[in-house]
Amino acid sequence: MYKPIFNKREVIVFRQFKRKGYALFACLGREVVISVLSVATLSSAKAASISDETWRADTTQTVREVWLGDVGVTGSRAPLTMSQAARMVTVLSREEIAQAPVQSVNDLLKYAVGVDVRQRGALGSQTDISIRGGTQEQITILLNGINICDPQTGHNVLDLPVQLSEIVRIEVLEGPAGRTYGTSSLVGAINIVTRPGRTTGADVTLEAGSFGYAKGALSATLAPRSSRFAHRLSGSYQRSDGFSRCKAGTLNTDYSGSKAFYQGEYDDDQVRLSWHAGLADKGWGSSTFYASPRWQADDQYEHTTKIMAAIQGETKQGPLHFRPSVYWNQHRDRYEGYRGQPDLMKYNYNRCDVYGVNINSYFDWVAGRTAFGAELRHEDLVSGNLGEPLFRTQHIHGTDRDYTLGLRRTNTSAHLEHNVLLHRLTLSAGFVAMKSSQSSMNWQLYPGIDVSYLLYQSPATAREPLSVKLFAGYNSSLRLPSFTEMYYKLQGYAADPHLRPEEMQAVEVGMQAQSPIVNGKLTLWHHHGTNMIDWIMDTSLGDQAVWQSVNHTKINSVGAEASVDVSLSSLVATLTSHSTLHTSPSTLHTSPSTLHTPRTTLHLSYSYISQDKDLEPGIVSQYALEYLRHKFVARLTTNIWRQLDLTVGLRWQDRVGQYTTFSGEVCDYRPFALMDARLSWTKPRYALYAEVSNLLNNRSYVDYGNVPQPGTWFTVGATFKGK
């Protein structure tokens with residue numbers, strides 16, 4: 001499912017254009033170099049996954065080249081294609097998203113080998129996403145390059161207003177990404193990319209499944225052929241009764257939520273503008289999500305609303321390219337410690353507004369491509385239980401209460417990056433400088449450098465082309481503590497408002513190889529974190545034990561990741577081709593049906609992590625020291641017959657850490673395996689599918705202490721497309 005970014009194909013060089021209708025377009029699936037055509041000529045002839053702004057500098061050839069069919073990814077501040085990028089970015093394509101047996105982005109990311117997904121509730125109600133042994137607070141989630149993280153807490157960062165069907169691709173950048181995505185990306189970043197499309201039409205999706213699950217979704221695209229504008233509007237509603245009950249006998253994992261998303265685009269030869277606005281509103285039974293041995297509440301409830309809007313631009317002409325953006329995100333939540341019983345515990349209300357303006361610029365010159373820019377981000381929280389007393393209280397809409405506490409901070413950053421692209425070598429180096437109004441923080445500098453080298457590339461005329469690429473990098477970043485980590489002090493939790501920012505330095509080396517049959521990648525990395533933030537509990541205190549937010553002095557992590565994708569259908573076709581060359585002519589008259597090989601791919605990946613920070617006896621960690629030591633992923637996708645496809649996925653993981661049961665027993669996390677499957681029948685105008693998660697009905701696994709997980713979950717659905 002997850003493709004390495006290095007995707008080198010045979011290059012076709014056009015020295016001149018022939019007056020043939022098929023001369024260029026018959027080759028769009030491959031890289032095409034047009035040696036005598038300017039960039040501006042093709043600026044209006046690109047598709048959603050084609051970049052017309054990429055180039056390559058060579059010591060022997062300085063002419064600018066246009067690459068078609070090579071997707072641009074955001075592994076650096078300057079726009080580069082996948083084959084050019086010095087830093088390895090894992091990319092999940094639209095096709096792979098459609099084939100996955102999942103219902104949300106949360107579930108989808110479980111198949112990324114370096115990503116740890118700890119899901120408290122089903123349907124993505126609340127999920128903690130982390131990368132390479134970090135926590136959910138230490139990564140940045142972006143929508144079309146816009147940071148949508150909530151400084152209050154990272155628990156609800158994936159409250160996305162978009163449907164899976166609207167996502168063009170997902171980019172996963174592992175390791176500190178401060179100079180690319182800002183300093184909140186301490187251990188990595190995930191960028192979700194959508195586009196409105198250029199074909200007018202409408203889609204309707206209906207789903208139903210276990211535990212009273214139902215979903216309806218509608219989307220429509222308006223993109224007249226004669227217009228440079230494109231618009232897409234979507235909306236959905238889904239709900240479930242839930243899969244468990246509290247001690248009182250009522251359902252406590254129910255879910256209901258709505259989404260709405262609008263995105264637009266204007267594209268011409270001079271400029272490209274894009275904008276989006278979205279709403280995600282949901283409520284869910286929180287079961288025992290925040291319970292502890294001291295507070296064994298099993299019928300909690302939470303309701304969140306996220307609103308977001310952004311506008312971005314990009315100039316296409318002139319020596320200096322500007323890429324500005326302006327955005328606003330608002331997150332509101334209501335937490336009920338005892339569902340529907342505010343007399344037992346007052347509801348917690350929070351509203352957090354984030355305003356940001358970002359400008360990124362780049363220019364090309366004889367020494368390469370240089371990018372520079374800055375970002376101003378203001379974070380404003382008003383709350384009923386987080387922060388300092390407000391000078392003037394604010395009324396909480398729909399209640400008889402006021403926001404009495406609050407906190408605000410302004411973060412300013414500036415970045416500079418330079419990229420050198422030679423025939424086989426790509427070098428990208430730069431830094432980000434960061435200053436925050438929190439605690440009168442002074443300017444801090446965080447540098448980084450990435451390099452990749454094309455060790456081997458077979459000739460363009462080779463029957464079975466092969467590419468081998470080496471890469472290495474050093475990067476650093478920091479993260480400011482969330483407002484919850486600083487001020488949450490309710491029911492067994494005691495936060496520290498004087499927490500220091502976390503800092504991370506990381507190095508990684510690796511190798512990547514690709515051919516039409518096998519794509520493989522191996523990465524070794526080391527992270528050195530200081531002042532790492534975690535919630536810990538001293539169980540030796542018995543009934544007086546509480547969760548406390550603290551700064552660990554340091555945590556050293558080492559890890560290895562390996563992945564391989566095998567095209568079994570290409571392998572069979574190659575073996576058949578070789579055997580045919582040694583077969584007598586009388587046996588070559590084989591019917592076409594016997595030569596058909598079903599499209600079949602196999603993905604295998606494994607990751608290993610070790611951290612050297614050990615807890616003292618009786619100390620239990622909630623996040624930073626609970627990590628996946630081992631994670632193994634296997635996935636098989638095959639075409640069974642005609643339009644009938646099957647995808648089967650298996651995940652096995654072994655987590656380090658402990659949790660305390662409500663009876664006071666301290667238990668180690670145990671390894672477990674889960675299997676998912678999807679069967680689909682796809683036609684141009686409709687698609688039918690059936691999915692099952694936790695196929696083997698594993699009910700004994702624990703991925704988050706004292707939080708029950710569902711057994712087998714069946715879903716059936718249909719999508720209808722119209723024009």
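Values below: every heavy atom of this structure, side chains too, minus hydrogens, waters and symmetry copies.
Using a 3.5 Å distance cut-off with no hydrogens or angles, the side chains of Asp281 and Ser258 do not pair a donor with an acceptor. Judged purely by distance below 3.5 Å, without hydrogens or angles, the side chains of Thr194 and Gln263 pair a donor atom with an acceptor atom. At a cut-off of 3.5 Å, with distance as the only test, a side-chain donor of His155 or Arg120 sits close to an acceptor on the other residue. Ser428 and Asn419 share a side-chain donor-acceptor pair at under 3.5 Å. For the residue pair Thr304 and Asn156, no side-chain donor N or O sits within less than 3.5 Å of a side-chain acceptor on the partner.
Nearest heavy atoms, Glu502 versus Asn531: CG-O, 3.2 Å. Closest approach of Lys489 and Ala495 over heavy atoms only: CE-O, 3.1 Å. Scanning all heavy atoms of the two residues, the minimum distance from Trp535 to Thr484 falls at CZ2-O, 3.7 Å. In this structure, Asn360 and Asn358 approach most closely via the heavy-atom pair N-OD1, 3.8 Å.
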- Decide yes or no on side chain to side chain donor-acceptor pair (under 3.5 Å) for Thr153 and Ser482, but give the supporting numbers first. CA-CA 6 Å; Thr153 177; Ser482 70; 5.8 Å; no

So Gln611 and Tyr627, side chain to side chain contact (heavy atoms under 4.5 Å, CB included) or not? Walk me through it. CA-CA 9 Å; Gln611 293 182 352; Tyr627 59 92; 3.4 Å; yes

- Are Gln512 and Asn519 close enough, and set up right, to give a side chain to side chain donor-acceptor pair (under 3.5 Å), and what steps lead you there? CA-CA 8 Å; Gln512 193 170 301; Asn519 298 326; over 6 Å; no

*asked:* Could you go through Asn329 and Asp150, starting from their C-alpha distance and side-chain angles, then the distance that decides it, and tell me whether this counts as side chain to side chain contact (heavy atoms under 4.5 Å, CB included)?
replied: CA-CA 8 Å; Asn329 305 322; Asp150 179 13; over 6 Å; no

Practice problem: Would you please test Leu123 and Trp284 for side chain to side chain contact (heavy atoms under 4.5 Å, CB included) and show each step? | Solution: CA-CA 10 Å; Leu123 304 176; Trp284 67 94; over 6 Å; no

Start with the C-alpha distance between Ser563 and Glu561, add both sets of side-chain angles, then the distance that settles side chain to side chain contact (heavy atoms under 4.5 Å, CB included), and finish with yes or no.
CA-CA 7 Å; Ser563 64; Glu561 298 169 3; over 6 Å; no

One pair to check against side chain to side chain donor-acceptor pair (under 3.5 Å): Ser549 and Asp496. What are the steps and the verdict?
CA-CA 6 Å; Ser549 61; Asp496 181 0; 5.8 Å; no

- request: Show your working on side chain to side chain donor-acceptor pair (under 3.5 Å) between Arg369 and Tyr362 and close with a plain yes or no.
  value: CA-CA 7 Å; Arg369 172 169 285 184; Tyr362 69 93; 4.7 Å; no

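Classification of Asp159 and Lys259 as a salt-bridged pair fails, no side-chain N sitting under 4.0 Å from a carboxylate O. Electrostatic pairing of Glu174 and Arg87 does not count as a salt bridge here, judged by no charged N lying under 4.0 Å from a carboxylate O. At a threshold of 4.0 Å, the pair Glu314-Lys316 does not count as salt-bridged, since none of the basic side-chain nitrogens sits closer than that to a carboxylate oxygen. A salt bridge is defined here as a Lys NZ or Arg NE, NH1 or NH2 lying under 4.0 Å from an Asp or Glu carboxylate O, and Arg334 with Glu302 fails to meet this definition. Under the 4.0 Å criterion applied to side-chain N and carboxylate O atoms, Arg118 and Glu626 are assigned as salt-bridge partners. Between Asp353 and Arg351 there is a salt bridge, since a side-chain N of the basic residue sits under 4.0 Å from a carboxylate O of the acidic one. Ion pairing between Glu417 and Arg179 holds under the 4.0 Å rule for side-chain N and carboxylate O. Remark: Arg195 does not engage Glu166 in a salt bridge, criterion side-chain N to carboxylate O under 4.0 Å. A salt bridge between Arg377 and Glu379 is present, with a side-chain N of the basic residue lying under 4.0 Å from a carboxylate O of the acidic one.
For Ser184 (side chain) and Thr140 (main-chain N/O), no donor-acceptor pair under 3.5 Å exists by modelled atom type. Between the side chain of Gln99 and the main chain of Glu96, no donor-acceptor pair closer than 3.5 Å is present. With Ser476 contributing its side chain and Pro447 its backbone, the two residues share a donor-acceptor pair below 3.5 Å. Between the side chain of Glu485 and the backbone N or O of Glu137, no donor-acceptor pair lies under 3.5 Å. Between the side chain of Gln163 and the backbone N or O of Ser165 there is no donor-acceptor pair closer than 3.5 Å. For the pair Thr315 (side chain) and Phe322 (backbone), a donor-acceptor distance under 3.5 Å is present.
In this structure, Trp547 has its ring center no closer than 6.0 Å to that of Tyr488. Aromatic rings from Tyr335 and Tyr290 are positioned such that their centres are separated by under 6.0 Å.
Below 30°, between 30° and 60°, or above 60°: for Phe261 and His276 the angle between ring planes is between 30° and 60°, a tilted geometry. Trp525 and His527 have tilted rings, their planes meeting at an angle from 30° to 60° on a 0 to 90° scale. Ring geometry, Tyr608 versus His630: the interplanar angle falls from 30° to 60°, so the pair is classed tilted.
For Phe372, the ring pair (Phe, Tyr, Trp, His ring centres under 6.0 Å) criterion is met by no residue, not counting sequence neighbours. Here Asp676 pairs with nothing under the salt bridge (Lys or Arg N to Asp or Glu O under 4.0 Å) rule; sequence neighbours left out.
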